[in-house]
4 protein chains.
Amino acid sequence: MMPVKGVTAKHPGDLSFSWRNVRTCFCLVFIASSLANFGLSLFKVLNNPISFNSVKPIIFRGSVLLVLIVALRLAQQWPTLMMYWHEVEQGLPQYPSQVGKGQMGHTIRMVMLVGMMLSFAEHLLSMISAIHYARYCNSTSDPIKNYFLRTNDEIFYVTSYSTALALWGKFQNVYSTFIWNYMDMFVMIVSIGLAAKFRQLNNDLRNFKGMHMAPSYWSERRIQYRNICVLCDKMDDAISLITMVSFSNNLYFICVQLLRSLNTMPSVAHAVYFYFSLIFLIGRTLAVSLYSASVHDESRLTLRYLRCVPKDSWCPEVKRFSEEVINDEVALSGMKFFHLTRKLVLSVAGTIVTYELVLIQFHEDNDLWDCNQSYYS
Amino acid sequence: MMPVKGVTAKHPGDLSFSWRNVRTCFCLVFIASSLANFGLSLFKVLNNPISFNSVKPIIFRGSVLLVLIVALRLAQQWPTLMMYWHEVEQGLPQYPSQVGKGQMGHTIRMVMLVGMMLSFAEHLLSMISAIHYARYCNSTSDPIKNYFLRTNDEIFYVTSYSTALALWGKFQNVYSTFIWNYMDMFVMIVSIGLAAKFRQLNNDLRNFKGMHMAPSYWSERRIQYRNICVLCDKMDDAISLITMVSFSNNLYFICVQLLRSLNTMPSVAHAVYFYFSLIFLIGRTLAVSLYSASVHDESRLTLRYLRCVPKDSWCPEVKRFSEEVINDEVALSGMKFFHLTRKLVLSVAGTIVTYELVLIQFHEDNDLWDCNQSYYS
Amino acid sequence: MMPVKGVTAKHPGDLSFSWRNVRTCFCLVFIASSLANFGLSLFKVLNNPISFNSVKPIIFRGSVLLVLIVALRLAQQWPTLMMYWHEVEQGLPQYPSQVGKGQMGHTIRMVMLVGMMLSFAEHLLSMISAIHYARYCNSTSDPIKNYFLRTNDEIFYVTSYSTALALWGKFQNVYSTFIWNYMDMFVMIVSIGLAAKFRQLNNDLRNFKGMHMAPSYWSERRIQYRNICVLCDKMDDAISLITMVSFSNNLYFICVQLLRSLNTMPSVAHAVYFYFSLIFLIGRTLAVSLYSASVHDESRLTLRYLRCVPKDSWCPEVKRFSEEVINDEVALSGMKFFHLTRKLVLSVAGTIVTYELVLIQFHEDNDLWDCNQSYYS
Amino acid sequence: MMPVKGVTAKHPGDLSFSWRNVRTCFCLVFIASSLANFGLSLFKVLNNPISFNSVKPIIFRGSVLLVLIVALRLAQQWPTLMMYWHEVEQGLPQYPSQVGKGQMGHTIRMVMLVGMMLSFAEHLLSMISAIHYARYCNSTSDPIKNYFLRTNDEIFYVTSYSTALALWGKFQNVYSTFIWNYMDMFVMIVSIGLAAKFRQLNNDLRNFKGMHMAPSYWSERRIQYRNICVLCDKMDDAISLITMVSFSNNLYFICVQLLRSLNTMPSVAHAVYFYFSLIFLIGRTLAVSLYSASVHDESRLTLRYLRCVPKDSWCPEVKRFSEEVINDEVALSGMKFFHLTRKLVLSVAGTIVTYELVLIQFHEDNDLWDCNQSYYS
């Protein structure tokens with residue numbers, strides 16, 4: 001996604017950004033292509049009555065476009081950021097064994113794998129469902145044409161059907177869906193990385209928990225903690241727009257899907273796809289939220305070890321350290337408007353449940369005492 | 001509920017967990033039986049249109065099943081936890097008299113007794129109401145069969161009626177209701193225990209309030225306070241899933257009952273059962289909330305005594321102590337998503353009232369100025 | 001309201017409580033009478049369909065009854081509380097002039113006067129409106145009888161009309177309305193008193209703002225601040241149930257009135273009474289909220305003067321003082337569920353506005369673009 | 001807007017307020033004129049059924065009137081305030097270059113320019129739209145008369161049409177709209193000024209970040225920080241009523257426009273004006289919120305530099321400084337009911353979105369699975 005040279009290299013110093021790189025060119029082509037598609041979607045939506053549901057294509061394509069542009073800008077800062085990350089990493093207490101070292105990489109790979117597989121499965125189901133759908137409201141006799149007419153209606157709203165455009169539209173859809181999923185996964189990966197840094201520091205503190213340590217030990221740890229905080233801040237500045245887009249997107253799509261959930265499904269294929277897609281969406285949102293919140297959780301955990309410093313080792317440096325841990329809110333944020341913590345997850349969940357309850361209220365009005373209802377407690 | 005050996009023994013060291021214990025076996029049988037019942041409920045619900053009200057059996061049986069599994073896992077940690085609890089208890093300043101010592105046990109016994117009696121009364125009323133209900137929509141001529149067909153409709157949805165299955169279903173219902181009530185009571189008991197530990201410490205501090213105490217006194221108290229905090233944390237880690245299930249369950253059932261409250265009751269037996277059940281539910285929820293919040297309240301109370309330390313006794317240890325009390329949020333939590341404090345109770349109450357108001361709004365539209373309305377202020 | 005002997009005496013030591021006092025007897029008679037009336041209301045409401053509006057008499061009479069009982073219990077603690085208040089007052093830095101001394105008393109008298117006058121005006125309007133109302137739906141030919149039948153319908157729901165009962169009901173209504181208003185005013189008066197104590201301390205601090213003061217000066221002020229906090233706490237424990245009842249009552253009545261505001265008024269007398277009553281209610285609620293919040297505001301103001309302590313005078317005592325001011329939340333509360341601060345006022349106002357918006361949404365659905373609407377910006 | 005003499009002078013000492021000043025006289029005339037207009041609007045609204053939408057003219061004219069009166073009162077304090085501002089500015093570390101010095105003035109001028117241009121464009125569009133509107137529901141044959149009858153319906157509700165009155169009404173409308181826009185811009189300008197002061201201090205701290213500085217340096221900075229805080233407080237006291245009016249006005253108008261957005265537009269001119277006006281309104285609200293929040297953001301930023309103070313330079317003064325930064329909530333506020341921070345922006349946005357969702361729910365009930373809907377993910 002990000003046009004950075006040398007991502008496979010081992011040392012962050014090998015990372016670099018250049019406008020002439022082949023990745024950068026591809027990226028610019030994708031942006032242009034997405035822009036065209038977004039324009040078509042916008043044109044179609046504005047020519048129809050606007051509703052909460054009908055703006056979905058604009059929001060989907062618009063946020064993908066926004067993320068692409070942000071990613072391009074981020075690519076230019078990325079080498080510098082990674083250099084700083086590397087520096088902070090060097091300064092941290094080392095893992096005692098090789099096992100701890102590889103754990104973070106392993107988690108990231110697992111998240112990528114599971115995420116990508118689920119997203120692929122979802123896209124397949126979406127295609128099957130769309131084929132069914134296309135057959136259900138068949139406008140022409142050609143099933144493939146029907147399918148493309150349906151999934152890329154914004155293109156064929158302005159021009160007549162052509163296979164080249166259909167393939168472009170299909171490619172655009174696949175690519176956009178990939179970006180849309182990658183966006184969340186990117187936030188997750190950065191969160192895992194930052195949380196791992198805090199955990200590394202906490203592990204060292206746990207090893208010396210309750211022991212008498214020299215003030216210089218605490219001073220060192222405090223500076224390391226500060227460095228991770230600064231790193232966290234820099235990463236947040238760099239990616240907070242992506243975080244914001246990812247969060248609001250997930251929230252919007254969950255609400256739209258819930259709204260749709262109250263309609264009866266036209267076929268079983270739809271129902272299966274619909275519920276799989278809804279659960280995938282909620283699961284992904286929860287995963288992003290919880291992984292992001294783990295940065296904040298880990299940063300607070302440090303306090304637990306500072307509380308156990310014995311009376312004799314209590315020195316101004318420990319005091320300063322613990323005050324900094326208490327008062328700083330270290331967390332990824334969405335443009336500083338909200339911090340990603342566990343409380344946020346709860347309030348978001350609460351909002352969604354409230355919305356669903358109101359929706360149900362508007363649609364359901366049957367007598368709950370009739371004999372066909374099951375009877376409980 | 002928890003298959004721990006030696007719960008009647010006096011010393012926590014006698015507690016132990018074994019897979020071969022007869023309690024463990026019973027527990028596994030119950031889990032299997034609940035699982036079967038849950039599967040049947042799920043099957044029935046999925047084959048009918050889904051609504052806010054119709055998922056009630058799944059949520060009821062699902063959460064009972066979840067609690068059973070969590071309880072089994074908790075049973076393995078229980079002996080270690082209790083050993084730690086015992087240790088912390090030993091380190092605390094002793095009660096001056098025998099009266100204080102027995103108070104906590106007395107409170108716990110009272111809560112158990114009242115809770116169990118109310119839950120038993122509720123189950124009896126539920127049976128009476130269900131018998132009425134079964135007669136009201138009688139499908140067969142046999143009243144007992146009618147009753148079982150109604151209360152265990154998920155079983156007889158797949159098979160035809162048989163007395164053995166009916167008895168199994170009845171037993172399952174009684175047992176589930178017991179677990180469902182015990183879940184809340186368990187959270188209450190743990191809260192009472194933890195709050196009592198803080199109170200024990202606070203009592204000692206109150207006795208020496210405003211006096212000149214040596215720094216070593218404060219250092220000791222601070223470490224004791226810390227130990228209770230750690231105990232609180234460990235207990236919270238162990239039971240927070242149960243707390244979460246208990247809370248969300250209560251919230252969901254109150255909402256469902258309020259939704260039902262707007263329908264006219266088919267009979268007086270129903271009305272009596274319904275209002276008794278609703279009040280019992282709200283009362284139980286309030287009791288769990290307030291007892292849980294008392295842990296937080298007691299932990300904050302310590303501050304009051306630290307504020308009265310005279311100028312001459314003010315030393316770094318007192319300062320550190322008071323800073324820790326101010327900055328730590330010691331409370332039971334629901335998976336760390338929310339802390340059980342008094343503010344939470346208010347916001348939950350607010351949510352329920354708002355929900356009820358919206359419900360009423362949807363159902364009621366009569367003119368408030370007509371002559372049959374009573375006239376006030 | 002409170003049966004305390006010697007309220008007109010100058011020294012709080014003259015206050016005392018006795019069960020044989022004539023005030024206590026009156027109070028007990030009132031409680032019994034209110035209880036009877038409450039029972040009659042309850043009986044009437046339960047025999048009619050329950051709605052958000054129809055429970056108004058129960059809530060009105062129930063809360064008056066509750067407040068009466070709480071006031072009786074409070075009367076027993078009152079002499080002790082006032083002794084403590086007097087002690088705290090003695091310890092405070094004295095007002096430099098006679099003017100400051102009398103200001104608090106003056107404010108309290110003004111609040112009492114304005115409150116009572118408005119409440120009297122409201123009751124008069126209520127009577128006029130009720131007479132109109134009674135004529136409007138006249139059931140008998142006697143206008144006075146009509147009036148009493150209407151305003152005391154809970155009595156004549158069980159018995160036939162009699163002048164003695166009507167007079168009792170009338171007296172009961174007047175007395176209840178008085179208590180209902182006095183409840184809010186009582187909370188206001190206590191708040192004014194507590195805020196005045198903090199202001200007295202702050203005035204002294206302002207006089208020495210930015211000057212070099214000895215540590216003993218700060219130590220003394222800190223203890224005085226602590227004493228007012230403790231006083232605040234004790235008062236809060238004593239009256240928080242009344243605060244709670246007063247707040248929830250006001251909130252409930254505002255909501256009911258807003259609900260009623262959407263119906264067309266049967267006559268001009270009603271409209272005048274209705275809007276006067278609504279504005280009086282909102283104004284009174286705002287007054288209670290803001291006066292209560294002023295306790296918290298004044299307690300925070302102390303910080304402003306501590307911030308200006310010059311570098312040389314900065315000593316551990318000032319540090320301790322400022323930390324206590326920062327970390328303590330000194331405010332009246334409703335049973336500790338919520339603290340009365342300015343933020344609360346905003347959130348309450350927000351809730352009411354939201355409720356009104358939803359109400360309007362349910363009732364209004366006219367086209368906003370028609371030619372009879374005025375046209376703006 | 002504010003009748004202060006000498007606003008073009010370079011030194012704040014030249015500012016003065018006098019009742020005999022020609023600006024003051026103009027201001028008083030405007031207030032009288034607005035008062036008359038407000039009275040007419042009130043008269044018209046009270047003679048028609050009241051709804052959420054119909055009270056718009058009262059709220060518009062009422063808040064303009066309120067702001068005018070507040071501005072007059074503010075004008076009297078303005079010279080003193082500006083003198084204090086000047087003093088604080090003198091005490092601050094100077095900008096190293098001339099560029100930094102002019103930046104604030106430049107930003108303010110840009111904000112003024114863009115704001116005024118947009119507001120002018122909006123008023124033009126409003127006129128075009130109103131002319132269309134007047135033709136659409138033409139009551140007379142004269143288009144100019146129609147236009148004035150429509151835009152000043154509150155005047156011609158009581159008297160018959162006359163050109164002089166129409167011109168007065170037109171002038172009144174233009175002037176009110178100007179004030180209405182200026183109100184927001186005034187809050188923005190004050191915020192920019194205050195944020196610039198904090199930035200000036202932060203720039204100095206950044207220059208010496210991580211270096212060993214003498215305690216006297218920190219002491220000086222702390223006092224400067226304190227002075228800006230006090231300035232912030234004084235400005236807030238002076239303008240918080242305007243902030244409050246500006247905020248609630250924006251919120252109310254956004255809600256009314258959103259309510260209107262669900263109706264179909266009578267013409268394209270309306271649609272263009274409507275959406276331009278809505279976007280302008282939302283943009284302006286966001287701008288006010290974010291500029292105001294920047295005061296708080298900048299004040300917190302100081303902490304970042306204090307965290308980097310090396311171990312050896314850590315002295316009581318730095319500690320005191322950092323504690324003050326942590327614990328003081330420095331921000332503009334709306335009558336102390338809410339502080340203007342980024343969190344507020346989020347909660348306001350959330351409220352508006354929720355309101356819009358509920359509105360849509362009430363108006364839209366179409367099947368989302370029909371074939372004419374576009375099909376996505």
Side-chain angles (χ1 to χ4, degrees), chain B residues 209-210 261-262 264 271 275 286 289-290 293-294 296-297 300-301 303-304 306-312 314-316 318-319 322-323 325-327 341-351 353-354 356-377, chain C residues 41 44-45 48-49 51-54 56-57 60 122-123 126 130 133-134 136-137 139 150-151 153-154 157 173 176-177 180 215-216 219 222-223 226 229-230 233 253 255-256 259-260 262-266 270 277 316-317 320 323-324 327-328 334-338 351 354-355 358-359 362-363:
Chain B
K209 186 179 156 185
S261 76
L262 295 167
T264 42
Y275 281 108
L286 262 181
S289 309
L290 291 180
S294 74
H296 182 249
D297 293 349
R300 303 291 300 175
L301 212 63
L303 204 57
R304 191 179 283 184
L306 291 175
R307 291 286 188 237
C308 301
V309 171
K311 193 182 160 189
D312 310 327
W314 188 251
C315 61
V318 187
K319 199 165 175 331
S322 78
E323 269 169 15
V325 176
I326 289 166
N327 291 307
T341 61
R342 280 187 161 241
K343 304 252 164 182
L344 183 84
V345 179
L346 181 71
S347 73
V348 166
T351 310
V353 169
T354 309
E356 178 70 5
L357 279 182
V358 170
L359 274 186
I360 287 173
Q361 223 42 54
F362 273 97
H363 284 253
E364 182 192 29
D365 220 330
N366 44 358
D367 186 16
L368 302 167
W369 286 103
D370 69 325
C371 295
N372 301 316
Q373 296 280 331
S374 54
Y375 191 90
Y376 272 95
S377 61
Chain C
S41 299
K44 203 203 154 185
V45 168
N48 285 302
S51 79
F52 185 54
N53 189 57
S54 71
K56 208 172 134 184
F60 178 66
E122 202 245 6
H123 198 74
S126 144
Y133 198 59
Y136 173 71
C137 353
S139 41
R150 192 117 294 283
T151 54
D153 52 357
E154 81 283 355
Y157 185 75
N173 276 4
S176 297
T177 310
W180 192 58
S216 67
S219 169
R222 191 183 61 72
I223 289 163
R226 180 88 348 245
C229 287
V230 173
D233 230 53
F253 276 95
C255 285
V256 167
L259 188 67
R260 198 169 266 198
L262 295 166
N263 292 102
T264 41
M265 307 284 155
H270 271 91
S277 153
E317 274 300 303
R320 191 180 165 190
E323 269 168 15
E324 292 189 5
N327 292 307
D328 286 11
M335 307 279 288
K336 307 264 179 216
F337 286 117
F338 54 90
T351 310
T354 309
Y355 177 67
V358 170
L359 273 187
F362 273 98
H363 284 254

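Note that the structure is predicted; figures quoted are calculated from it, not measured. By convention in this document, chain letters (A, B, ...) are assigned in the order of the sequence lines, proteins followed by strands, and residues within each chain are numbered from 1.
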**Complete:** Rounded to the nearest 0.5 Å, the SG atom of C:Cys229 sits from the CZ atom of C:Arg222 at a distance of 10.5 Å
**Asked** Which distance, rounded to the nearest 0.5 Å, do you find between the CZ of B:Arg307 and the CD of C:Glu323?
**Response** 8.0 Å
**Request:** Check each atom of B:Val309 against the heavy atoms of chain C and say whether the ones under 4.5 Å are side chain, backbone, both or neither.
**Result:** both
**Asked** Under a 4.5 Å heavy-atom cut-off, does chain C meet the side chain of B:Leu306, its backbone, both or neither?
**Response** backbone
**Asked** Are C:Asp328 and B:Leu303 close enough that some pair of their side-chain heavy atoms sits under 4.5 Å apart?
**Response** yes
**Item:** Option that, when pairs with chain B are counted at under 4.5 Å, heavy atom only, ranks first among C:Asp233, C:Ile223, C:Val230, C:Thr351
**Value:** C:Asp233
**Prompt:** Does a salt bridge link C:Arg226 with C:Glu324, judged by any charged N lying under 4.0 Å from a carboxylate O?
**Reply:** yes
